[in-house]
Amino acid sequence: ARALVIKPDVLLMDEPLSNLDAKLRVEMRTVIKEIQHTVGITNVYVTHDQEEAMAVSDRIAVMSKGDIQQVGTPKDIYQRPANLFVATFIGRSNVLDGELRMENGKPVLHGASITLDNVRAEECKNQPVKISVRPEEFILDASTDATGLKATVDSSVFLGLNTHYFAHTDDGDKIEIIQESQIDSIIPDGTVVRLGVKTEKINVFDAEGKQNLLEGVRNDNAV
């Protein structure tokens with residue numbers, strides 16, 4: 001209240017909710033956003049909580065070692081991160097090594113047989129890549145006749161709305177999968193499952209993870 005009464009041009013908020021319990025943090029970030037929209041003062045909000053950043057912000061700047069990696073809306077940052085650092089910093093993401101190959105004139109993720117329709121024209125060539133798949137972008141199938149990436153369930157965590165599964169592939173890659181909780185049962189540990197992906201949502205980066213190879217990446221910092 002003391003900060004708002006003088007009607008500043010810019011209001012700096014540095015980890016304002018860090019000492020609150022989880023439920024109150026969720027309530028207060030909604031209150032902060034409502035107040036900000038009501039008074040119309042520009043806020044610079046510093047936080048290490050990625051979910052909190054997306055909840056209260058119109059635009060986000062992601063920084064690494066003092067350098068801004070990407071500036072954009074929460075939706076842009078989350079769905080089309082500019083590089084692998086942003087993809088792994090904002091939200092959770094599974095990172096897999098892969099290879100992009102041109103087959104019949106189209107870019108395909110070799111081994112997964114996933115054809116991509118949104119690779120930038122200049123990147124349509126054979127090259128090693130990093131594939132970023134967020135836990136909720138996997139499609140888990142435990143049926144015996146399922147196809148897709150083979151994985152074995154190591155453990156699971158029931159969180160009400162969603163169930164988090166932790167698994168590993170035959171190559172030893174650790175994978176986290178988030179699925180809507182089912183009413184009947186949770187997939188037991190040790191179960192072999194097959195994983196598909198929501199192709200339109202995954203991200204593909206160059207071998208060093210420095211740039212996203214897909215169309216639709218927006219980065220105000222690059223302007």
Side-chain angles (χ1 to χ4, degrees), residues 50 62 69-70 72-156 162-182 187 191-219:
Q50 294 94 337
V62 180
Q69 303 294 309
Q70 186 175 6
T73 66
K75 183 176 183 297
D76 291 339
I77 295 283
Y78 188 84
Q79 293 184 339
R80 283 291 178 261
N83 55 46
L84 191 58
F85 175 84
V86 177
T88 54
F89 186 79
I90 295 293
R92 292 184 292 273
S93 191
N94 300 287
V95 180
L96 305 172
D97 291 321
E99 186 176 353
L100 190 67
R101 289 189 183 179
M102 297 302 295
E103 298 180 6
N104 299 320
K106 293 186 177 181
V108 175
L109 290 176
H110 182 65
S113 298
I114 297 175
T115 301
L116 301 173
D117 298 323
N118 55 347
V119 177
R120 289 186 281 116
E122 64 272 22
E123 298 297 342
C124 288
K125 56 188 178 184
N126 296 344
Q127 58 177 310
V129 295
K130 297 285 187 182
I131 306 166
S132 171
V133 185
R134 296 198 182 278
E136 69 273 15
E137 294 168 1
F138 277 118
I139 303 171
L140 190 154
D141 193 336
S143 61
T144 56
D145 58 347
T147 59
L149 178 64
K150 181 181 176 182
T152 302
V153 175
D154 296 320
S155 61
S156 60
N162 296 315
T163 299
H164 293 223
Y165 291 98
F166 300 90
H168 68 272
T169 67
D170 289 346
D171 293 332
D173 292 320
K174 298 290 186 179
I175 293 177
E176 181 180 359
I177 308 146
I178 297 177
Q179 299 285 290
E180 183 178 353
S181 297
Q182 301 300 312
I187 298 173
T191 302
V192 175
V193 297
R194 296 284 180 170
L195 302 175
V197 295
K198 299 175 183 178
T199 308
E200 73 282 0
K201 290 189 174 183
I202 66 174
N203 286 280
V204 180
F205 303 92
D206 62 15
E208 291 76 32
K210 293 182 178 179
Q211 64 171 333
N212 196 325
L213 305 184
L214 304 184
E215 298 173 344
V217 177
R218 296 180 176 86
N219 187 1

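Note that the structure is predicted; figures quoted are calculated from it, not measured. The chain is numbered in sequence order, starting from 1.
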Between [Y] and [X], is the closest basic N to carboxylate O distance under 4.0 Å?
X: R194; Y: D141; result: no
X: R134; Y: E136; result: no
X: R120; Y: E122; result: yes

Tell me every residue that passes salt bridge (Lys or Arg N to Asp or Glu O under 4.0 Å) with [X], counting only those two or more places apart in sequence or in another chain.
X: D170; result: K150
X: D97; result: K130
X: K198; result: none

Distance in Å, [X] [atom1] paired with [Y] [atom2], rounded so as to fall on 0.5 Å steps:
X: I177; Y: L140; atom1: CD1; atom2: CG; answer: 5.0 Å
X: Q70; Y: I77; atom1: CD; atom2: CD1; answer: 3.5 Å
X: N219; Y: Q69; atom1: CG; atom2: CD; answer: 9.0 Å
X: H168; Y: D173; atom1: NE2; atom2: CG; answer: 10.5 Å
X: L116; Y: N203; atom1: CG; atom2: CG; answer: 10.5 Å
X: L195; Y: T169; atom1: CG; atom2: OG1; answer: 9.5 Å

Measure the shortest side-chain to side-chain distance between [X] and [Y] over non-hydrogen atoms and say whether it is less than 4.5 angstrom.
X: K174; Y: D154; answer: yes
X: I175; Y: F138; answer: yes
X: R92; Y: P135; answer: yes
X: V197; Y: I114; answer: yes

Practice item. Show the numbers, then the answer: is there a side-chain contact (heavy atoms from CB on, under 4.5 Å) between T88 and V95? Key: CA-CA 8 Å; T88 54; V95 180; 3.8 Å; yes
Exercise for review: Evaluate the side-chain contact (heavy atoms from CB on, under 4.5 Å) criterion for residues E123 and D206: first the C-alpha distance (whole Å), next the side-chain angles of each, then the deciding distance (0.1 Å), finally the verdict.
Suggested key: CA-CA 9 Å; E123 298 297 342; D206 62 15; 5.9 Å; no
Quick one: closest heavy-atom pair of [X] and [Y], and the distance?
X: V217; Y: L214; value: CG2-O, 3.6 Å
X: S156; Y: T163; value: CB-CG2, 4.3 Å
X: V153; Y: A167; value: CA-CB, 3.9 Å
X: I202; Y: I131; value: CD1-CG2, 4.4 Å
X: P107; Y: L100; value: CB-CD1, 3.9 Å
X: N83; Y: V86; value: OD1-N, 3.0 Å

**Study point:** Parallel, tilted or perpendicular: rings of H164 and F166 (30°, 60°)
**Key:**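 It falls in the tilted class, 30° to 60°.
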Using a 3.5 Å distance criterion without hydrogens, assess whether the side chain of [X] forms a donor-acceptor pair with backbone atoms of [Y].
X: T191; Y: I187; value: no
X: Q50; Y: F89; value: yes
X: D76; Y: R218; value: no
X: E215; Y: A121; value: no
X: Y165; Y: E176; value: no

Check your understanding: Could you go step by step and tell me if E208 and K210 meet the salt bridge (charged side-chain N to carboxylate O under 4.0 Å, His left out) rule?
Key -> CA-CA 5 Å; E208 291 76 32; K210 293 182 178 179; over 6 Å; no
Review point. Just wondering, more than 12 heavy atoms not from E180 lying within 6.0 Å of its CD?
Key: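 Not buried by this count: 12 neighbours or fewer within 6.0 Å.
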Point to revise | Pair S132-S93, side-chain donor/acceptor within less than 3.5 Å | key: yes
